Protein chains: 2
Amino acid sequence: MFGRVPKVYHPGVARARATDTREGLLDAAEALLLSEGYAAVTSRRVGAAAGVNPALVHYHFGSMDDLFLAVYRRRVAEGTDRLRQVLDDPQPLWALWEYNCDPRGTAFTMEFVALGNHRPVIRAEIAASATRVRDLQVDALDRILTRYGIARRECPPLVASVLLSSVARYLVLEEQALGLTDGHDQTVVFIERFLSRYEGSRRG
Amino acid sequence: MFGRVPKVYHPGVARARATDTREGLLDAAEALLLSEGYAAVTSRRVGAAAGVNPALVHYHFGSMDDLFLAVYRRRVAEGTDRLRQVLDDPQPLWALWEYNCDPRGTAFTMEFVALGNHRPVIRAEIAASATRVRDLQVDALDRILTRYGIARRECPPLVASVLLSSVARYLVLEEQALGLTDGHDQTVVFIERFLSRYEGSRRG
DNA sequence: GTCTATACTTCGATAGAC
DNA sequence: GTCTATCGAAGTATAGAC
């Protein structure tokens, strides 16, 4: 009698469902990426994991590249929010170290780096976001180091940023990807002793 | 008249040709891996790049997993040889730093790490070789640090090894994969100033 | 050893019914 | 929005001629 109900008549309901499906697909894609690597992220498997039809991947995102981009951007947005909060921490150096030690971000980034190796669109996105994150982190470190009276010439914030994230992220990479943990405990102790010199032992 | 010539009658010639093909396939696979990522390493593309029939990949290596393993092992063997020579260098700390800064090894490892994410056989191989390489490096550093009179308690060789390779490899990773070089120059200067304290500036 | 030919699988993407 | 059905491309792997 009414034919199809125009979606504009029930925008809330219609859009709620669509958003659920969309988010479900993103969740499924991200889970697959982390557990089995990017090669496992196919429209068929993502659809199956999300409990919907594979064709919906293309309906909601277009190509697989677009799906990957959406997954990436969602996670980067979360990460950036967390990074901003680091400065509010009463022990910002500790917070920054812990932020870089988060294993989720590393496994995630590694897959996308490998993915970007043969998908130019992905590669460009990674490069852009990496620069943004680094700028944010350098800005934070600049203020932190100044607060502790560490001269810029003695230890430039840029260098501190590179050193901090290098060690943290490489430790996680080794542990997650290679199952290699030799010397990690000792190295962490070594680093954290350094952090404690400025901020005391970690509280909270 | 003679039918097929049994290969045992001309082992040198027959084996020489076979070896060439085998090596050619390994070369092609490695080149593809580095230039376009592991997803580009398919039997068809490897065969085409090597100028032979794709079926030969399976004849010589069996499965694709076996091809990947062969590529990996060949490169690891080369890398291990180079690492052993580091100790003979008159400036071993510098040599070790440069060894870890080699971009080839890093790009290579990264692809295999991502590959191992959904290929258990590869993952196991990486873990085993990573442990061997680290042991070798720690052994080298132990002797180097002792030579320079650096107490094991002050800077454990294991920690030195982890720190050194972390920073070096992560710098390369960022540069190669993300095109991100902000702060790298300054960081390298920072590190090399440290090296120079013990070994003077790099010679040769 | 190397090639041709092919069986079988899985992928990305799209057209059209509902 | 979601599904069914399907096309064409590309992958792994094998059998068999040469």
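The chains referred to below are lettered A, B, ... by the order of the sequence lines, with proteins before strands, and numbering in each begins at 1. Source: prediction; values computed, not measured.
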Q: Before we go on, tell me: are the rings of B:Phe194 and B:Phe190 under 6.0 Å apart, centre to centre?
A: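 Ring centres of B:Phe190 and B:Phe194 not closer than 6.0 Å.
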
Q: Rounded to whole angstrom units, what separation is found between the CG atom of B:Leu56 and the C1' atom of D:dT14?
A: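 Result: 13 Å.
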
Q: Under the criterion side chain to side chain contact (heavy atoms under 4.5 Å, CB included), I'd like the reasoning laid out for B:Ser129 against B:Arg132: C-alpha separation, chi angles, the key distance, then a yes or no.
A: CA-CA 5 Å; B:Ser129 80; B:Arg132 283 200 307 274; 3.6 Å; yes

Q: Which one, D:dT12, C:dC11, D:dT2, comes nearest to the side chain of B:Thr42?
A: D:dT12

Q: Starting at the 5' end of DNA chain D, which residue's closest nucleotide do you reach first, B:His58 or A:Pro54?
A: A:Pro54

Q: Does B:Ser43 make a side-chain N or O approach to OP1 or OP2 of D:dG11 shorter than 4.0 Å?
A: no

Q: If you check every side-chain atom of A:Asn53, which of D:dC3, D:dG11, C:dG1 has the closest atom?
A: D:dC3

Q: Using C1' atoms of five pairs at each end, report the bend of the helix from C:dG1-D:dC18 to C:dC18-D:dG1 rounded to 10 degrees.
A: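 Roughly 0° between the end axes, to the nearest 10°.
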
Q: Taking OH from B:Tyr59 and C1' from C:dA5, how many angstroms apart are they, rounded to a whole number?
A: 19 Å

Q: Tell me the interatomic distance from A:Glu23, atom CD, to D:dG1, atom C1', rounded to whole angstroms.
A: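 Roughly 16 Å, once rounded to whole Å.
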
Q: Step by step, would you call B:Tyr148 with B:Glu199 a side chain to side chain contact (heavy atoms under 4.5 Å, CB included)?
A: CA-CA 9 Å; B:Tyr148 295 144; B:Glu199 297 188 336; 2.5 Å; yes

Q: Could you pick out which residue, A:Gly62 or B:Val52, lies toward the 5' side of DNA chain C when each is mapped onto its nearest nucleotide?
A: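 Result of the comparison: B:Val52.
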
Q: Among C:dC3, C:dG12, D:dC3, which nucleotide has an atom closest to any side-chain atom of A:Arg44?
A: C:dG12

Q: Can you check the A:Met64 CE to C:dA13 C1' distance for me, whole Å?
A: 11 Å

Q: Check step by step if salt bridge (Lys or Arg N to Asp or Glu O under 4.0 Å) holds for A:Arg74 and A:Asp27.
A: CA-CA 10 Å; A:Arg74 189 177 65 158; A:Asp27 291 341; 2.9 Å; yes

Q: Rounded to the Å, how far apart are B:Phe61 CZ and C:dT2 C1'?
A: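 B:Phe61 atom CZ is separated from C:dT2 atom C1' by 15 Å.
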
Q: With rounding to the nearest 0.5 Å, note down the distance linking CG in A:Asn100 to CG in A:Leu171.
A: 11.0 Å

Q: Can you measure B:Arg22 atom CZ to C:dG1 atom P for me and round it to whole angstrom units?
A: 12 Å

Q: B:Leu25 CG to D:dA13 P: how many Å, rounded?
A: 14 Å

Q: Within the side chain of A:Glu125, is there an N or O that forms a donor-acceptor pair under 3.5 Å with the backbone of A:Tyr72?
A: no

Q: Report yes if a side-chain nitrogen or oxygen of B:Thr21 is closer than 4.0 Å to either non-bridging phosphate oxygen (OP1 or OP2) of C:dT2; otherwise report no.
A: yes

Q: Can you tell me how far P of C:dG12 sits from CZ of A:Arg45, to the nearest Å?
A: 11 Å

Q: Is the number of heavy atoms from other residues, nucleotides or ligands under 6.0 Å of B:Asp139 CG greater than 12?
A: yes

